[in-house]
There are 2 protein chains.
Amino acid sequence: MSSCEQCLVRNRAICSSLNAEELEVLNRIGRRQKISRGQSLMWEGDESLLVANVIEGALKLSTSTADGREQIVGVVYSSDFIGRPFGQTSPHTVTALTDAKVCSFTRSAFDGFARAHPELEHKLLKRTLDELDRARDWMLLLGRKSASERVATFLLDMSRRLAQSSCAGAGDLDRFELPLDRQQIGDVLGLTIETISRQITQLRTAGIISTPDRRTVIILDRTAMAEIAGASV
Amino acid sequence: MSSCEQCLVRNRAICSSLNAEELEVLNRIGRRQKISRGQSLMWEGDESLLVANVIEGALKLSTSTADGREQIVGVVYSSDFIGRPFGQTSPHTVTALTDAKVCSFTRSAFDGFARAHPELEHKLLKRTLDELDRARDWMLLLGRKSASERVATFLLDMSRRLAQSSCAGAGDLDRFELPLDRQQIGDVLGLTIETISRQITQLRTAGIISTPDRRTVIILDRTAMAEIAGASV
DNA sequence: CGAAAGGTTGAGTGCTGTCAACGTCCGTGG
DNA sequence: CCACGGACGTTGACAGCACTCAACCTTTCG
């Protein structure tokens with residue numbers, strides 16, 4: 001019995017704009033879906049057939065060049081919105097980085113519902129404006145920052161966003177588990193896997209971070225990190 | 001007597017969602033403004049005090065690192081929307097690339113008006129979603145493409161967008177005037193001025209473009225151009 | 001005519017990519 | 001329990017593309 005009322009992201013997703021009655025309607029057009037790590041939900045260039053709210057887990061949004069170079073253009077977490085409403089085609093591929101749960105809607109049904117509920121469109125607009133700000137920040141990183149600046153910026157951003165997403169103030173902001181492997185970090189930062197590895201090694205050697213295992217990062221010196229992220233050596 | 005009814009972008013800007021009555025109200029809270037080339041309308045990090053529709057001209061949106069490296073994160077033309085509604089601070093600096101005219105609103109007045117007019121918010125949402133798609137496309141370019149691919153992609157994109165903006169089917173799609181100087185092209189593509197110059201020289205030498213003067217570009221071989229933009233040599 | 005701004009070209013360096021070897025972790029099966 | 005294999009990550013050597021620095025050319029404008 002999956003119902004919106006007991007939904008984990010009920011108060012953080014765009015649905016928080018709806019009252020019980022409206023939620024009931026939305027519930028009927030929506031569908032809970034489990035996605036296992038590595039599985040894709042939609043593909044770049046395909047017809048935009050569905051949109052969804054992320055309930056749990058992390059997913060990446062990516063595009064590729066004709067010859068296969070990939071760029072991750074976004075990483076979404078629980079309560080984030082995915083898909084392209086009001087458009088014909090999906091602008092990017094969406095793939096689960098961890099096992100995930102989403103609440104999906106056919107695009108046509110969602111578009112119709114959204115148009116009839118301005119409060120929901122408003123939430124979606126605010127969210128989209130935030131995403132745009134984030135994307136443009138990332139453009140500065142991709143266009144103008146060095147490898148060391150990129151990695152430091154990435155780790156700080158990750159620490160912040162993971163803390164936000166596990167809103168139950170899980171405690172240690174400085175210790176977190178990356179939902180991405182080295183290749184994927186490279187795809188986010190526009191760098192190669194080897195460069196990522198070297199930069200992480202360098203941060204570890206400098207005593208700025210510690211890496212108990214491949215996926216875990218502990219930030220030991222946040223100030224130094226911020227300094228590197230800002231203007232680099 | 002500047003009135004919305006005779007506005008050049010009346011049918012293309014987000015205002016096209018409004019009827020005569022609503023337009024009258026909007027007209028009262030809006031203000032026509034001329035901006036001369038090089039002048040800025042708002043600054044990155046400042047409080048978000050105004051938003052605007054571009055009536056005429058081209059403007060750049062840019063961000064910088066602490067040590068002054070700049071990245072242009074967007075270029076807007078007539079009928080485009082600028083500013084950050086529903087947010088506290090301007091995420092980037094907006095500067096006129098050419099002499100321009102805009103129709104500006106205080107953010108608070110616009111926010112209020114927008115919330116009361118779902119059709120307008122809907123237009124704004126669609127526009128923002130398009131901008132987000134464009135920004136993410138650009139992330140692929142910045143993260144993964146070579147200098148020659150970037151310049152070719154940029155010129156094709158420019159030709160397309162300038163044709164769109166001067167909607168009066170001004171004729172020659174393959175001949176256009178760049179609103180950007182070499183430095184600014186570099187700031188869009190995440191490259192230096194010298195690299196831009198060399199790449200343009202190379203395209204000219206290869207007979208793919210011609211450059212009658214510093215600002216004018218004529219695309220002679222669109223196919224070759226698209227090939228370079230796609231996967232490069 | 002001269003100066004300044006913008007653009008082009010050249011020489012050399014350096015950062016990041018490429019290619020390759022090796023190490024580590026982990027699950028599987030003998 | 002240990003041997004094996006594969007996925008993932010690290011490290012090294014080297015190369016190449018784009019950056020830096022510098023000189024020079026072109027256009028514009030006072």
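Per chain, numbering begins at 1; letters A, B, ... match sequence-line order.
- Of the candidates D:dA18, C:dG10, C:dG17, D:dA18 carries the atom nearest the B:L191 side chain, counting heavy atoms from C-beta on.
- A:R204 comes within 4.0 angstrom of sugar-phosphate atoms only, judged by non-hydrogen atoms across all strands, and of no base.
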TODO: Evaluate the criterion salt bridge (Lys or Arg N to Asp or Glu O under 4.0 Å) for residue pair A:D137 and A:R134; output intermediate values, then yes/no.
DONE: CA-CA 5 Å; A:D137 270 357; A:R134 194 198 312 287; over 6 Å; no
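- Among the heavy atoms of the strands lying under 4.0 Å from A:G190 are primed sugar atoms or P, OP1, OP2 only; no base atom is included.
- No hydrogens or angles considered: nothing links the side chains of A:R144 and B:T63 as a donor-acceptor pair under 3.5 Å.
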TODO: Before giving the answer on side chain to side chain contact (heavy atoms under 4.5 Å, CB included), spell out for A:S146 and A:Q199 the whole-Å C-alpha distance, their side-chain angles and the decisive distance to 0.1 Å.
DONE: CA-CA 11 Å; A:S146 69; A:Q199 293 301 331; over 6 Å; no
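- Checked against D:dA13, C:dG10, C:dT16, the side chain of B:R198 finds its nearest nucleotide in C:dG10.
- Of the side-chain N and O atoms in A:R214, none sit less than 4.0 angstrom from OP1 or OP2 of D:dA7.
- Ranking C:dT16, D:dT10, D:dG12 by closeness to the A:T201 side chain, first place goes to D:dT10.
- Considering only side-chain N and O atoms, B:T192 lies under 4.0 angstrom from the phosphate OP1 or OP2 of D:dC19.
- One atom, CD of B:Q199, and another, P of D:dA18, lie 7 Å apart when rounded to the nearest Å.
- Judged by distance alone, the side chains of B:R150 and B:T195 never bring a donor and an acceptor atom under 3.5 Å apart.
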- [ ] Would you check, one step at a time, whether the test salt bridge (Lys or Arg N to Asp or Glu O under 4.0 Å) holds for B:R127 with B:D80?
- [x] CA-CA 8 Å; B:R127 211 168 261 275; B:D80 285 337; 3.3 Å; yes
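- Atom-to-atom, CD1 of B:I196 to P of C:dG6 comes out at 16 Å; the value is rounded to the nearest Å.
- Rounded to a whole Å, the CG atom of B:L203 is 12 Å from the P atom of C:dT8.
- Side-chain N/O atoms of A:E194 and base N/O atoms of C:dC19 include a donor-acceptor pair closer than 3.5 Å.
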Open item on the list: What verdict does the salt bridge (Lys or Arg N to Asp or Glu O under 4.0 Å) test give for B:R84 and A:D130, after you've listed the backbone C-alpha separation in whole Å, the side-chain angles of each residue and the deciding distance to 0.1 Å?
Closed with: CA-CA 10 Å; B:R84 179 54 158 98; A:D130 283 344; 2.5 Å; yes
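- Taking atom CG on B:D187 and atom P on C:dG6, their separation rounds to 13 Å, with Å as the unit.
- In this structure, the helix from C:dC1-D:dG30 to C:dG30-D:dC1 shows an angle of 20° between the axis at its start and the axis at its end, each fitted on 5 base pairs and rounded to 10°.
- Put simply, CD on A:Q183 is 9 Å from P on D:dG9, counting in whole angstrom units.
- Per the geometry, CD1 belonging to B:I193 stands 17 Å off P belonging to D:dA18, to the nearest Å.
- In terms of the salt bridge (charged side-chain N to carboxylate O under 4.0 Å, His left out) criterion, residue partners of B:R136 (sequence neighbours excluded) are, by chain and number, A:E131.
- Atoms CZ (A:R215) and P (C:dC25) sit 15 Å apart, rounded to a whole Å.
- A:D181 places its CG atom 16 Å from the C1' atom of C:dC26, with the value rounded to the nearest Å.
- If you check D:dA18, C:dG7, C:dC25 against the side chain of B:T195, the one that comes closest is D:dA18.
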